[in-house]
Amino acid sequence: MPELPEVEVVRRGLSASATGSLITSLLPTGARTFRRHDPALLDRRLRGRRIDAVDRHGKYLLLRIERDQTLVVHLGMSGQLLVAPAAGERPRHTHLVVGLGDREMRFVDPRTFGEVFVTAGHGRPAELAHLGFDPLVDRMTPVRFAELLSGRRMQLKPLLLGQRLVAGIGNIYADEILWAAGLRPDRLASDLSADEVETLLREMRALLRTSVRLGGSTLSDGQYVDVAGAAGRYQERHRAYGREGAACARCASPIIRIRWGGRSTFLCPECQR
DNA sequence: CAGATGCCCTGGGCGC
DNA sequence: TGCGCCCAGGGCATCT
């Protein structure tokens, strides 16, 4: 489940290995991967051009291509971007191959929740206009964050997951951030004190940064890996997600799991308030 | 407009 | 060993 830290680790890997590379071919094969436009557009807009830079907003990767094009990639639930020698065998569920001379970038996505599209310009794509701020890229002050929260009579977890307020947080990091901030997932955003708002913002940034530093979270399904195929280590630092029945690292009470909005939520019922 | 629900999809784990 | 079932959940459409 690639969320912001995992996508950032992929971004760094791509930035290091693909920046400056010439796109020599494009082979889009996955029908569901290309749902915004005709996949033939990729070849017309990108072939023969270089990759200038790799940016990210929330869970979206933004590959900046010469002559004002952006290749947007969302990994969805099971997507991987792998850079490998072009000679090697491609994994099952490879839906796009971007030729980079004697290497290639492969978009692999068994569950096809991911998406790829091309858009004009090097700013924030219009398709991503609905996204909120990125906690590691955009400037955000506690005062401004408090303003954004004060108008929302929404519970914290669905608000963090919604992408409209803040972009990049999914189910794992929502639970981890709320545990770190000591806040219950069903607290209303508009009811937080100034101190709680500040704690939430601080813990969100610190935790996401630490996860990036440790290479993100690779769960037991081994689904998430970086561009070279290596797993992350942040799952060893999880304090709530996936820890039903384990002792809370802060108060030693058992972590509980509840079904909420059709998905799992892990929390400490004692010290998250 | 917030909030709930269902759908898309495959692989892995589990019970029998 | 095999089969059916359930679960993982991001984003979006649809409805109230």
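Numbers restart at 1 for each chain; the letters A, B, ... are given by sequence-line order, proteins then strands. If you're wondering where the values come from, they're calculated on a predicted model, not measured in any experiment.
Regarding contacts with the backbone of B:dG12, every side-chain N or O of A:Arg111 stays at 4.0 angstrom or more from both OP1 and OP2. A sub-4.0 Å separation between OP1 or OP2 of C:dG11 and a side-chain N or O of A:Arg36 is absent. Of the side-chain N and O atoms in A:Ser264, one or more sit less than 4.0 angstrom from OP1 or OP2 of C:dA8. At least one side-chain nitrogen or oxygen of A:Gln163 sits closer than 4.0 Å to the OP1 or OP2 atom of C:dG11.
Rounded to a whole Å, the CG atom of A:Leu165 is 16 Å from the C1' atom of B:dG3. Rounding to whole angstrom units, CG of residue A:Leu159 and C1' of B:dG3 are separated by 13 Å. Spacing between atom CZ of A:Arg32 and atom P of B:dC7 amounts to 14 Å, rounded to whole angstrom units. Taking atom OH on A:Tyr224 and atom P on C:dA8, their separation rounds to 22 Å, with Å as the unit. Here B:dG3 presents its P atom at 8 Å from CG of A:Leu188, a figure rounded to the nearest Å. As a whole-Å value, the separation of A:Gln223 CD from C:dG10 P is 13 Å. Taking atom CZ of residue A:Arg35 and atom P of nucleotide C:dG10, one finds them 14 Å apart after rounding to whole Å. The interatomic distance linking A:Leu128 (CG) with C:dG11 (C1') rounds to 12 Å, in whole Å.
Both tests pass for A:Arg250 against the ring of A:Trp179: distance under 6.0 Å to the centre and angle within 45° of the axis. Judged by a 6.0 Å distance limit and a 45° cone about the ring axis, A:Arg257 is not positioned over the six-membered ring of A:Phe266.
Applying the side-chain hydrogen bond (donor to acceptor under 3.5 Å, both in side chains) test between A:Glu115 and each of A:His74, A:Arg32, A:Arg36 identifies A:Arg36 as the sole match. Considering A:Arg139, A:Arg56, A:Arg11, A:Arg124 as possible partners of A:Asp134, the one that fulfils the salt bridge (charged side-chain N to carboxylate O under 4.0 Å, His left out) test is A:Arg56.
The 5' end of DNA chain B is approached more closely, in terms of each residue's nearest nucleotide, by A:Pro158 than by the other of A:Pro110 and A:Pro158. Position along DNA chain B of the nearest nucleotide to A:Asp221 versus A:Thr112 favours A:Thr112 as the more 5'-ward residue.
Residue A:Asn171 is in sugar-phosphate contact alone, with no base atom involved, counting any heavy-atom pair closer than 4.0 Å across all strands shown. Residue A:Arg152 is classed as having no contact, given no heavy-atom separation below 4.0 Å to the nucleic acid.
Set against B:dG3, C:dA8, C:dG11, the side chain of A:Met77 has C:dA8 as its closest nucleotide. Here C:dC7 is the nucleotide among B:dC9, C:dC7, B:dG3 with the atom lying nearest to any side-chain atom of A:Arg257. The side chain of A:Lys59 approaches C:dG10 more closely than any other nucleotide in the set C:dC12, B:dG11, C:dG10.
Side-chain to base pairing of A:Arg263 with C:dG10: one donor and one acceptor N or O lie within less than 3.5 Å of each other.
Judged purely by distance below 3.5 Å, without hydrogens or angles, the side chains of A:Ser211 and A:Tyr173 pair a donor atom with an acceptor atom. Between A:Arg184 and A:Gln272, the side chains place no donor N or O within less than 3.5 Å of an acceptor N or O (distance only, hydrogens not considered). Under 3.5 Å, the side chains of A:Arg233 and A:Thr218 contain no donor-acceptor pair of N or O atoms. Of the N and O atoms on the side chains of A:Thr112 and A:His95, not one donor lies less than 3.5 Å from an acceptor on the other residue. At a cut-off of 3.5 Å, with distance as the only test, no side-chain donor of A:Thr94 or A:Arg106 sits close to an acceptor on the other residue.
The stretch residues 90-97 of chain A touches DNA chain B through A:Arg92, A:His93, each having a heavy atom within less than 4.0 Å of the strand.
Residue A:Glu236 qualifies as enclosed at atom CD: its count of foreign heavy atoms under 6.0 Å is above 12.
Bending across the helix from B:dA2-C:dT16 to B:dC16-C:dG2, expressed as the angle between its end axes from five pairs apiece, amounts to 40° (10° rounding).
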